[in-house]
Amino acid sequence: MEKIQHKNIQTNGINIHVAEIGKGPAVLFLHGFPELWYSWRHQMLSLASRGYRAIAPDLRGFGDSDAPPSPASYTAFHIVGDLVGVLDALGLDRVFLVGHDWGAVMAWYFCLFQPHRIRALVNMSVVFQPRNPRRKPLESLRAILGDDYYICRFQEPGEAEEEFARVDTARLIKKFLTSRNPAPLRVPKAVGFGGSSKKPITMPSWLTEEDVQYYASKYNKTGFTGGLNYYRVMDLNWELTAPWTNSQIKVPVKFIVGDLDLTYNTPGVKDYIHNGGFKRNVPFLQELIIMEGVAHFLNEEKPEEISDYIYDFIKRFDPPQAQIVVSRL
């Protein structure tokens, strides 16, 4: 871990913290909530050892990157704009892209807005969902999953933060990362996001106290508002992306999800993935991996397998060595 280098890059009017290791073709990793660049530590070391340059920013609002206060500063255009600035600052024209959770959502947007910058995409957990021009996302979520669905509960500024503040941050991180319930996450206000403080949390072998304390130290400093703002602009993203209605993802894609992931078990998603909808909207989908017995935070739960899945896909796109053909006249 000490070999990973850190820097701050000024882009799009803010500072973005970037972790980096290795030399070779560049791989850009995008984390989700409630995670950080650190979520990709295993994959970064693995890919660097195989001849790649692994780059993982703290996305806007997370960790050591700046966190503008307004939710309106967290649209897909802001996030992709930050990432384009990072690539430009690092002198990178095209990269392999890897995303998970909100990082996966932003990876899909990156491929919509700037496909010429992406050599290939390995995305995890969150499928590409085309824009429904007839109904806003939150209206759909409330109709299908109810007002207690966690995304709906995250909408009111300050409300989730107040509930989070009642719980020790390390305990909250453990609760998120160790959850293995594939059912849609509903959190009635009477229960709250902390749940019972007396119920012990069993730590899995893939998550250490040191890992938890790293996350907790950053969230204790910044709070959770930056990450929650991604949820609070879902409808705004819907409004702003009207010009991309019916657009497809036109880069080579590998998609990975655990069968215990709550995103995979969201109503309608399995049918969408397995009965043609996903392939129709992502026509260059080349591989689909369903990992048995694996939950949402698969890149941490199965670090070696995920590293191998990424490497096995992106190695196909390494350009061949130029050959000099000599013609004799």
Is any side-chain heavy atom of [Y] closer than 4.5 Å to one of [X]?
X: Tyr311; Y: Ser46; result: no
X: Ile9; Y: Lys7; result: yes
X: Asp148; Y: Val187; result: no
X: Phe110; Y: Val95; result: no
X: Pro25; Y: Arg119; result: yes
X: Leu90; Y: Arg53; result: yes
X: His116; Y: Val251; result: no
X: Thr178; Y: Pro204; result: yes

### Task
Quick one: pull up CH2 in Trp206 and CD in Glu301 and give me the separation to the nearest 0.5 Å.
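Nearest 0.5 Å value for the CH2-CD distance: 5.5 Å.
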
### Task
Can you measure from OG1 (Thr222) to CZ (Phe62) and round to the nearest 0.5 angstrom?
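If we round to the nearest 0.5 Å, Thr222:OG1 and Phe62:CZ are 9.0 Å apart.
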
Residues [X] and [Y]: side-chain donor-acceptor under 3.5 angstrom:
X: Thr208; Y: Asp211; result: yes
X: Tyr215; Y: Ser39; result: yes
X: Asp101; Y: His296; result: yes
X: His100; Y: Glu35; result: yes
X: Asn181; Y: Ser179; result: no

### Asn275 atom CG: more than 12 heavy-atom contacts under 6.0 Å
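Atom CG in Asn275 is packed in, count exceeds 12.
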
### Query
Would one find more than 12 heavy atoms of other residues, nucleotides or ligands at under 6.0 Å from atom CD of Glu162?
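No, not enclosed.
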
Ring-ring centroid check [X] [Y], cutoff 6.0 Å:
X: Phe154; Y: Phe193; answer: yes
X: Phe255; Y: Phe278; answer: yes
X: Trp244; Y: Phe128; answer: no
X: Phe297; Y: Phe176; answer: no

### Task
For a side chain to side chain contact (heavy atoms under 4.5 Å, CB included) with Leu59, tell me which candidate from Trp37, Tyr230, Trp102 qualifies.
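Of Trp37, Tyr230, Trp102, side chain to side chain contact (heavy atoms under 4.5 Å, CB included) with Leu59 is met by Tyr230 alone.
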
### Message
For Asp58, give me all partners under side-chain hydrogen bond (donor to acceptor under 3.5 Å, both in side chains), at least two apart in sequence or on another chain.
### Response
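For Asp58, the residues satisfying side-chain hydrogen bond (donor to acceptor under 3.5 Å, both in side chains) (neighbours in sequence not counted) are His17.
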
### Query
Is any NZ, NE, NH1 or NH2 atom of the basic residue among Lys279 and Glu287 found under 4.0 Å from an Asp or Glu carboxylate oxygen of the other?
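The answer is no: the pair does not qualify as a salt bridge.
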
### Message
Looking at Lys189 and Glu159, is there a salt bridge between them, counting it only when a charged N and a carboxylate O are closer than 4.0 Å?
### Response
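A salt bridge is present here (some side-chain N lies under 4.0 Å from a carboxylate O).
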
Report all side-chain donor-acceptor pairs from residues 78-86 shorter than 3.5 Å, counting only partners two or more places apart or in another chain.
unit_1	atom_1	unit_2	atom_2	d
His78	ND1	Thr75	N	3.4
His78	ND1	Thr75	OG1	2.7
Asp82	OD1	Asn12	ND2	2.9
Asp82	OD1	Arg60	NH2	2.8
Asp82	OD2	Arg60	NE	2.8
Asp82	OD2	Arg60	NH2	3.4

